[in-house]
Protein chains: 4
Amino acid sequence: MKRPASKPRPRGRPPRAPEQSEARRRAILDAALVEFAAHGFAAARLDDVARRAGIAKGTLYLYFADKEALFEALVQGAIRPLLDNLQKVADLPDVPTRQVLKLLFATFAREVLGSDRKLLLRLLITEGARFPRLVTFYHAEIVAPGLALMHKLMTRAAARGEIANDAPARFPQLVMAPLLLAVVWDMLFGRIAALDVEGLIDAHVGLLVGEGRAAP
Amino acid sequence: MKRPASKPRPRGRPPRAPEQSEARRRAILDAALVEFAAHGFAAARLDDVARRAGIAKGTLYLYFADKEALFEALVQGAIRPLLDNLQKVADLPDVPTRQVLKLLFATFAREVLGSDRKLLLRLLITEGARFPRLVTFYHAEIVAPGLALMHKLMTRAAARGEIANDAPARFPQLVMAPLLLAVVWDMLFGRIAALDVEGLIDAHVGLLVGEGRAAP
Amino acid sequence: MKRPASKPRPRGRPPRAPEQSEARRRAILDAALVEFAAHGFAAARLDDVARRAGIAKGTLYLYFADKEALFEALVQGAIRPLLDNLQKVADLPDVPTRQVLKLLFATFAREVLGSDRKLLLRLLITEGARFPRLVTFYHAEIVAPGLALMHKLMTRAAARGEIANDAPARFPQLVMAPLLLAVVWDMLFGRIAALDVEGLIDAHVGLLVGEGRAAP
Amino acid sequence: MKRPASKPRPRGRPPRAPEQSEARRRAILDAALVEFAAHGFAAARLDDVARRAGIAKGTLYLYFADKEALFEALVQGAIRPLLDNLQKVADLPDVPTRQVLKLLFATFAREVLGSDRKLLLRLLITEGARFPRLVTFYHAEIVAPGLALMHKLMTRAAARGEIANDAPARFPQLVMAPLLLAVVWDMLFGRIAALDVEGLIDAHVGLLVGEGRAAP
DNA sequence: GATGAATGAGGATTCATTCAT
DNA sequence: AATGAATGAATCCTCATTCAT
């Protein structure tokens, strides 16, 4: 009896500069990254994402169909840079394995562990089970190629006698395992006991290509 | 002999009679493990937990104060067995490091990766960030002691010349990293490409204690 | 950062007598009838339905899957009584057509136009286009059989010379049209100018079976 | 010749230039008719109306104050033509009632049932309850005068002995009822079982003015 | 005049939690 | 102790309306 009668009080948009839509998209993704990483997909509130992005709730939906699409775009969008990094390593000239690994790990430490990108890895790990599509894509585009590359690298290193045995060639995952550990450690125990990532990586490289052994 | 069942159903407690409340607690925890692991803490429904445990929703609250308490009890409760396993390793007589590691990893593969206990690790990884108390406890009770033990083991091994350098002694996490990787891999990529955990572990042990090197 | 911490303030149900679930279902349907009829399907608020039914919003969902299901149950449920009424007419002994019609129309006027059941017809008319399933069902169960019955009745009447021609036999809808008009009139113009339904019906019967003509 | 179109699109008003605002108003009304008829007032989206009209959403508000005003203008605007049609019938010379009715009904069938104008009637029926002002207006301008006219027509016909009794004179609604039925039938059951409107109307005229009876 | 991105109140739906039985 | 119907706060998403350009 009151619905059509009471003209809903005027709503609309308060004056806000125009800003390029792409910047806004980025702002939303940045905000989403923080909120999703902090609370997880299910517990994150789009309300908070909007507030953090400095926009209205409804505006989110101009850029992303729904919560899930936002999440997927978030994780999806991070894959391209990772791919690029991977490519750089693949294109490395024929330098000693030790150097390749050092560079690779250092890059990872800087670009991922040392930046917000780390949060994306977190999300992939913590929410992956709920987003099979994303995981499948990520496996096909990053993990499998990355491992293949590592396999080649390690095979060559083994042939050259740079590493003690062919274990890392057969299981390139072994080469990456400490990086994953670093991510998870930071995510869980970072507050309690920070991990000396650099030291860890150095030690790992030492283990792989044998330090002292090189100059007996 | 069980005549009472044919009475006009008392509308309230089902005729399940006196049963040990401890069994019920277990049933709830088992059900909770499955549901939490499948959907994550936030998305899991206590309704489903109750149904899976074969009890009424309200009954949950007779055993656990709330959803969070249930979750914590779940993860907490799994720590004791882990502790015990750890102790067993610590108590090992003075056997070769290679054997200790083999035993340790095999036990982990069997008791954790090969059982539902794997789900608990998953939960710790995926939900840990939201349960600092749990993570703190886990770190204090399991991770720190475990790493300390590993440190001792590796230090001894290095002193004995069983391993090439002191990297694993300084970063005992390196020893555990592949196990973590196995858990995460299974959790994310298990469906896509199963990991040969046994092979991975063997290779890892080979890398640590040097296979071929032993018999030149 | 605050989600899992702040235990949501205790909610639950305030003391309310048990009442049989069936009565509650009825209360909901009754409330829904009023609200849907007053505002239409889209504009009706389940909140209002709940309030009118004297229950909490969430309780609705214990009885009906969603708004649509509630609406369909509402209209669906009204079909049974209509069917029964129809059957009564069909079972009438071989009385004069005039009397059959009088009875039929009087019943309709009393049972439908004179009661809340009229609202259901309204809903069918106003919302039917949005609920094809409902309309299909209604056509198959009520309209088609009803027209078939009317066809038989009018054919017999024509054969007996009780009516002037076979128009009503060929288009039994003609017999019902004034009833529909009465419903729509009441729905739209009832407030402005009440319709003398009884007079209308009498006049219609007179038109059909010829009043004065019979006894000049 | 239409070079301006190749200028760097002025980002704002499309180069549609000066066009008559009246045409645009019509386009909006036409689009609104379709959308409102398809979904009902509450469920129709102004977004869709704008898209269908080929204009921007904001432009709607240059022509109509709000959704309600648009709806009212829509239904209101259709009344004029109906009035005109009515007038034509009223102005008919003194021809036989049968012919007047035939013409009236045929006009209705062609101009209303056979055109998009039918949708307007639908809207009046389905949404009328929510727009009392509209219904009042419609009653005053169309229904009451129409019935008055019909009353006069039927009274004259009865006096002349063209119809069997004075029922239609006393309840001119009876004359219109089948038309209403045709509208509602089409609206609800059109998909399921098309109605032979022409046949229905013929039969109805036959019933009113007596077919065979005229020439015994 | 025209645009359409932005707004935010509103409403459907979910689910942890309670409590009369 | 156990039940499960009832509760209502919380949150996603929609869409009428506005206004800077």
Side-chain angles (χ1 to χ4, degrees), chain A residues 3 7-19 21 24 42-48 50 55-63 65-68, chain B residues 10-14 16-19 21 24 42-48 50 55-63 65-68 70, chain C residues 3 7-19 21 24 42-48 50 55-63 65-68, chain D residues 10-14 16-19 21 24 42-48 50 55-63 65-68 70:
Chain A
R3 233 74 43 97
K7 301 248 171 96
R9 14 185 165 356
R11 285 164 271 151
R13 81 163 231 262
R16 175 175 286 279
E19 281 171 357
S21 131
R24 209 148 253 229
R45 286 186 296 234
L46 290 191
D47 228 350
D48 291 342
I55 60 170
K57 225 182 325 173
T59 306
L60 282 180
Y61 293 87
L62 295 177
Y63 292 85
D66 56 17
K67 197 182 185 184
E68 215 166 305
Chain B
R11 256 185 17 94
R13 181 163 79 271
R16 193 181 278 243
E19 266 178 357
S21 113
R24 206 153 256 223
R45 286 183 300 231
L46 291 190
D47 231 343
D48 292 341
I55 61 168
K57 209 176 354 166
T59 306
L60 283 179
Y61 289 84
L62 297 175
Y63 291 84
D66 55 20
K67 196 184 185 183
E68 219 171 308
L70 170 57
Chain C
R3 234 76 42 97
K7 301 247 172 97
R9 17 190 159 356
R11 287 163 271 150
R13 81 165 233 260
R16 176 176 286 281
E19 281 170 355
S21 131
R24 208 149 255 228
R45 288 187 295 234
L46 290 191
D47 229 350
D48 292 342
I55 61 171
K57 224 181 328 171
T59 306
L60 281 180
Y61 292 86
L62 295 177
Y63 292 85
D66 56 18
K67 197 182 186 184
E68 216 167 304
Chain D
R11 253 183 22 93
R13 182 165 79 269
R16 193 179 279 241
E19 265 178 357
S21 112
R24 205 153 257 223
R45 286 184 300 232
L46 291 191
D47 231 343
D48 292 341
I55 61 168
K57 213 180 345 170
T59 306
L60 283 179
Y61 289 83
L62 297 175
Y63 292 84
D66 56 19
K67 196 184 187 184
E68 219 171 308
L70 171 57

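Residue numbering restarts at 1 for every chain, and letters A, B, ... go by the order of the sequence lines. Keep in mind it's a predicted model, so treat the numbers as computed, not measured.
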Of the listed nucleotides F:dT17, E:dA6, E:dA12, the one nearest the side chain of C:Lys67: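 The nucleotide sitting nearest to the side chain is E:dA12.
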Among F:dG4, F:dA10, E:dA5, the nucleotide that comes nearest once only the side chain of C:Lys57 is considered: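 Of the candidates, F:dA10 comes closest.
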Round to a whole Å and report the spacing from [atom1] of [X] to [atom2] of [N].
X       : N      : atom1 : atom2 : value
D:Leu62 : E:dT3  : CG    : P     : 9 Å
C:Leu60 : F:dG8  : CG    : C1'   : 12 Å
A:Tyr61 : F:dA16 : OH    : P     : 17 Å
B:Leu46 : E:dT14 : CG    : P     : 16 Å

Distance, nearest 0.5 Å, that separates CG of D:Leu60 from CG of D:Asp66: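 Here the rounded value is 11.0 Å.
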Excluding sequence neighbours, so at least two apart, what forms side-chain contact (heavy atoms from CB on, under 4.5 Å) with [X]?
X       : result
B:Ala42 : A:Ala42, A:Ala43
A:Tyr61 : A:Leu46
A:Ala56 : A:Thr59
C:Ala65 : C:Ala69

Residue whose closest nucleotide on DNA chain F lies nearer the 5' end, C:Tyr63 versus A:Ala65: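 Mapping each residue to its closest nucleotide by heavy atoms, the 5'-most match is C:Tyr63.
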Given DNA chain F, 5'-ward residue of the pair A:Asp66 and D:Thr59, judged by closest heavy atom: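 Counting from the 5' end, the first nearest nucleotide belongs to A:Asp66.
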Partners passing salt bridge (charged side-chain N to carboxylate O under 4.0 Å, His left out) against C:Asp47 (at least two apart in sequence or in another chain):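 In terms of salt bridge (charged side-chain N to carboxylate O under 4.0 Å, His left out), with neighbours along the sequence ignored, C:Asp47 is linked to no residue.
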Strand DNA chain E as a dot-bracket string - pairs counted if Watson-Crick or G-U with both distances under 3.5 Å, | where the partner lies in another strand: .||||||||||||||||||||
